[in-house]
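Let me begin by presenting the structure, written as C-alpha cells, before commenting on it.
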Amino acid sequence: MKFAPIEDLFHIFDETAQILQDELSCTYLDALGETGENIFHGKVLQEEISELSQKRLMKHYQEFTLDKYQKEEIRKAYQLAILKGMKENIQPNHQMTPDAVGMFVSYLIGKFTHGQALLSMLDPAVGTGNLLYTILNYLTDKNITSYGVDVDETLIRLAYAGANLQEHEVHFFNQDSLEPLFIDPADVVVSDLPIGYYPNDLRASEYTLASDKGHSYAHHLFIEQSIMHLKDGGYTFFIVPNNLFLSEEAHKLNEFLKKHAHIQGLVQLPLSMFKNEQSAKSILILQKHKEGLQAPKEALLVQLPKLSDAARTKSIMDQIDTWFRQEKQVGK
Ligand code: SAM
C-alpha cells in the first residue's frame with residue numbers, strides 16, 4: 001500500500017470537515033460524518049451553507065472518485081481523520097479498535113469459519129466501524145452481510161459514511177444494543193465491548209447476567225445478548241479486559257458460558273499495545289452450543305508478543321496453526 005493516496009485522502013477529509021465544522025458550528029467528528037456522506041454522493045448535501053464554502057467543498061470533492069482508491073486506503077485515511085476528531089473530545093469507552101487487533105481478529109475469523117463462503121456478522125458495539133471494516137477488507141474471499149449497532153449517533157453516522165465509501169453492505173441500527181434487537185441470529189458476532197456499568201437496572205434485570213446488587217456490567221450483558229443473537233454453532237470474537245474472569249461477577253459468567261457456549265480460546269493481545277497492564281485486553285472466542293458439537297480438547301490460550309518481535313511472533317503463529325490443525329482440521 002502506498003502512503004501518498006492515504007495522505008491525499010486524509011487532506012480531503014480533514015479540510016472539508018473543517019469547512020463544514022465552521023459552517024455548521026458542530027464538532028469535527030459530526031462534520032466528518034457529513035463530509036463522508038457528501039463525498040459519497042459527490043455533492044454538498046447541506047443547503048444552509050454559504051456559496052463560497054459550497055464551491056470550496058466541491059473543489060475538494062471533485063478530486064475524489066471511489067475507484068481511485070483501495071478500500072484499505074480509504075479506511076486508513078478516514079481513521080486518521082477520526083483519530084484527529086477523537087483527540088478533541090476524548091471518551092475512553094468510545095475508542096476505535098486499533099488496526100492490529102482488527103487484522104488479527106480477521107485472521108482468526110478466517111480460520112474458524114474455514115469453508116464457509118457466506119457469512120452474516122453482527123457487531124453490537126460497532127462505533128466508527130473501524131473493527132468491522134478492517135475485518136471486511138481482509139476477508140475478501142468471503143461474502144459477508146453485516147449488521148452494526150451503536151447507541152452513539154455521531155459514531156454510527158461515521159460508520160455509515162465509512163461503509164458507503166468502502167462499499168460495504170452493512171445494516172445499521174442506532175440504538176441501545178441491550179434493548180431488544182430486531183436482527184436475525186448471525187454466524188459471527190464480533191465486538192470490542194464497552195467496559196463498565198450499564199445504567200439501566202430495569203432492563204439489566206431481564207438478563208441472567210444481571211448483578212444481584214447495584215448496576216450490572218455492560219460487557220457481561222453484551223456477551224449474553226450476543227450469544228442470544230448467534231446461530232447454533234456460531235462464533236463470537238470479543239475484545240475483553242484480561243481480568244474478565246477475575247471479577248466478583250465472574251462465577252455467574254462462567255456458569256452462563258458453560259450452559260450456552262464452548263470456550264474456544266482466549267488470546268492475550270500484546271501488552272505493548274496498552275497504556276498499562278490493567279487496561280490490557282484479550283480476544284475471547286466462543287462457539288455457541290449445537291447438537292453434535294464438542295468442546296475443544298484444549299482451548300487456544302496464547303499471549304501474543306510485540307508484533308515487532310518477529311521470532312516470537314512466528315513461534316506463536318506456528319502454535320496457533322498447530323492448534324487449528326489438531327482441533328479443527330484446518331491447515332495453513
Ligand atoms: N469497534 C469500534 C470501532 O472500531 O470504532 C469501537 C467500539 S468502542 C470500544 C465501544 C462502543 O460501544 C462505543 O462505540 C459505544 O458508543 C458503544 N456502546 C456503549 N454502550 C452501548 C450500548 N448500550 N448499546 C450500543 N452501543 C453501546
Side-chain angles (χ1 to χ4, degrees), residues 1-89 96 99 102 121 123 126-140 143-150 152-174:
M1 193 181 320
K2 301 190 205 97
F3 286 104
I6 300 177
E7 242 173 70
D8 293 347
L9 257 177
F10 168 74
H11 284 300
I12 301 179
F13 288 135
D14 183 44
E15 278 163 35
T16 55
Q18 288 183 49
I19 297 172
L20 284 167
Q21 182 180 15
D22 289 345
E23 279 280 355
L24 303 172
S25 307
C26 61
T27 64
Y28 180 90
L29 283 181
D30 282 320
L32 186 62
E34 298 277 337
T35 205
E37 268 301 276
N38 288 352
I39 292 174
F40 176 68
H41 290 282
K43 64 179 184 199
V44 180
L45 298 167
Q46 303 72 24
E47 287 167 358
E48 65 270 42
I49 69 175
S50 71
E51 228 172 88
L52 177 66
S53 292
Q54 296 211 20
K55 279 199 183 127
R56 286 174 61 206
L57 287 171
M58 278 316 293
K59 197 168 159 280
H60 287 293
Y61 295 158
Q62 273 149 9
E63 290 168 37
F64 182 93
T65 51
L66 276 180
D67 48 8
K68 197 163 136 192
Y69 302 100
Q70 294 170 14
K71 291 186 198 317
E72 270 297 272
E73 289 168 347
I74 298 175
R75 186 185 65 77
K76 290 201 168 161
Y78 196 53
Q79 179 191 35
L80 286 176
I82 295 173
L83 281 173
K84 177 177 166 177
M86 284 189 164
K87 273 198 194 137
E88 226 180 55
N89 187 356
M96 253 187 303
D99 283 11
M121 187 150 77
D123 183 344
V126 71
T128 64
N130 197 51
L131 171 64
L132 183 62
Y133 305 147
T134 309
I135 295 167
L136 296 179
N137 289 349
Y138 276 86
L139 288 180
T140 48
N143 186 341
I144 303 177
T145 307
S146 329
Y147 299 83
V149 190
D150 207 286
D152 186 306
E153 200 183 327
T154 298
L155 298 183
I156 207 158
R157 291 197 68 192
L158 285 167
Y160 172 74
N164 280 338
L165 293 172
Q166 293 167 68
E167 298 178 285
H168 288 308
E169 188 191 330
V170 187
H171 305 270
F172 287 107
F173 300 82
N174 182 200

Taking C-beta and beyond as the side chain, do [X] and [Y] meet within less than 4.5 Å on heavy atoms?
{"X": "Lys71", "Y": "Leu136", "result": "no"}
{"X": "Thr145", "Y": "His171", "result": "yes"}
{"X": "Tyr160", "Y": "Glu37", "result": "yes"}
{"X": "Ser146", "Y": "Asp123", "result": "no"}
{"X": "Phe172", "Y": "Val149", "result": "no"}
{"X": "His60", "Y": "Ile39", "result": "no"}

Going through the distances and angles, do Ile135 and Met121 end up as a side chain to side chain contact (heavy atoms under 4.5 Å, CB included)?
-> CA-CA 10 Å; Ile135 295 167; Met121 187 150 77; 3.6 Å; yes
Using a 3.5 Å distance criterion without hydrogens, assess whether the side chain of [X] forms a donor-acceptor pair with backbone atoms of [Y].
{"X": "Tyr78", "Y": "Leu158", "value": "yes"}
{"X": "Tyr133", "Y": "Ala159", "value": "yes"}
{"X": "Thr134", "Y": "Asn130", "value": "yes"}

Should Asp67 and Thr65 be marked as a side chain to side chain donor-acceptor pair (under 3.5 Å) after you check the CA-CA gap, both sets of side-chain angles, and the distance that decides it?
-> CA-CA 6 Å; Asp67 48 8; Thr65 51; 3.2 Å; yes
For the [atom1] atom of [X] and the [atom2] atom of [Y], what is their distance to the nearest 0.5 Å?
{"X": "Asp150", "Y": "Thr128", "atom1": "CG", "atom2": "OG1", "answer": "9.0 Å"}
{"X": "Thr35", "Y": "Leu57", "atom1": "OG1", "atom2": "CG", "answer": "6.0 Å"}
{"X": "Glu72", "Y": "Ile6", "atom1": "CD", "atom2": "CD1", "answer": "8.5 Å"}
{"X": "Ile12", "Y": "Glu63", "atom1": "CD1", "atom2": "CD", "answer": "4.5 Å"}
{"X": "Met86", "Y": "Leu32", "atom1": "CE", "atom2": "CG", "answer": "10.0 Å"}
{"X": "Leu20", "Y": "Tyr28", "atom1": "CG", "atom2": "OH", "answer": "11.0 Å"}

Who passes side-chain hydrogen bond (donor to acceptor under 3.5 Å, both in side chains) against Asn143, sequence neighbours left out?
->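 In terms of side-chain hydrogen bond (donor to acceptor under 3.5 Å, both in side chains), with neighbours along the sequence ignored, Asn143 is linked to no residue.
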Test Tyr61 against His41 for side chain to side chain contact (heavy atoms under 4.5 Å, CB included), laying out the working first.
-> CA-CA 10 Å; Tyr61 295 158; His41 290 282; over 6 Å; no
Closest heavy-atom contact between Ala17 and Ala31?
->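 Answer, listing the atom of Ala17 first, then Ala31: O-CB, 3.2 Å.
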If you look at every heavy atom in Ala163 and Val170, which pair is closest and at what distance?
->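 Looking at all heavy atoms of both residues, the closest pair is CB-CG2, 4.1 Å.
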Do [X] and [Y] have side-chain N/O donor and acceptor atoms under 3.5 Å apart?
{"X": "Gln70", "Y": "Asn137", "value": "no"}
{"X": "Glu153", "Y": "Asn174", "value": "no"}
{"X": "Glu23", "Y": "Ser50", "value": "yes"}
{"X": "Thr27", "Y": "Asp30", "value": "yes"}

Does atom [atom1] of [X] have more than 12 heavy-atom neighbours from other groups under 6.0 Å away?
{"X": "Glu51", "atom1": "CD", "value": "no"}
{"X": "Glu48", "atom1": "CD", "value": "yes"}
{"X": "Lys59", "atom1": "NZ", "value": "no"}

Between Arg157 and Glu34, is there a side-chain N and carboxylate O pair less than 4.0 Å apart?
-> yes
Between Lys84 and Asp14, is there a salt bridge with N-O shorter than 4.0 Å?
->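 Result for this pair is yes, salt bridge flagged.
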Take Asn38 and Thr16, measure what side chain to side chain contact (heavy atoms under 4.5 Å, CB included) needs, and give me the verdict at the end.
-> CA-CA 10 Å; Asn38 288 352; Thr16 55; over 6 Å; no
Geometric class of the Phe13/Phe64 ring pair [parallel <30°, tilted 30-60°, perpendicular >60°] =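 Plane angle between 30° and 60°, so tilted.
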Side chain to side chain contact (heavy atoms under 4.5 Å, CB included) assessment of Gln54 paired with Met58 = CA-CA 6 Å; Gln54 296 211 20; Met58 278 316 293; 5.6 Å; no
Decide salt bridge (Lys or Arg N to Asp or Glu O under 4.0 Å) for Arg56 and Glu15; before the verdict, give the C-alpha distance in whole Å, the side-chain angles of both, and the deciding distance to 0.1 Å.
-> CA-CA 10 Å; Arg56 286 174 61 206; Glu15 278 163 35; over 6 Å; no
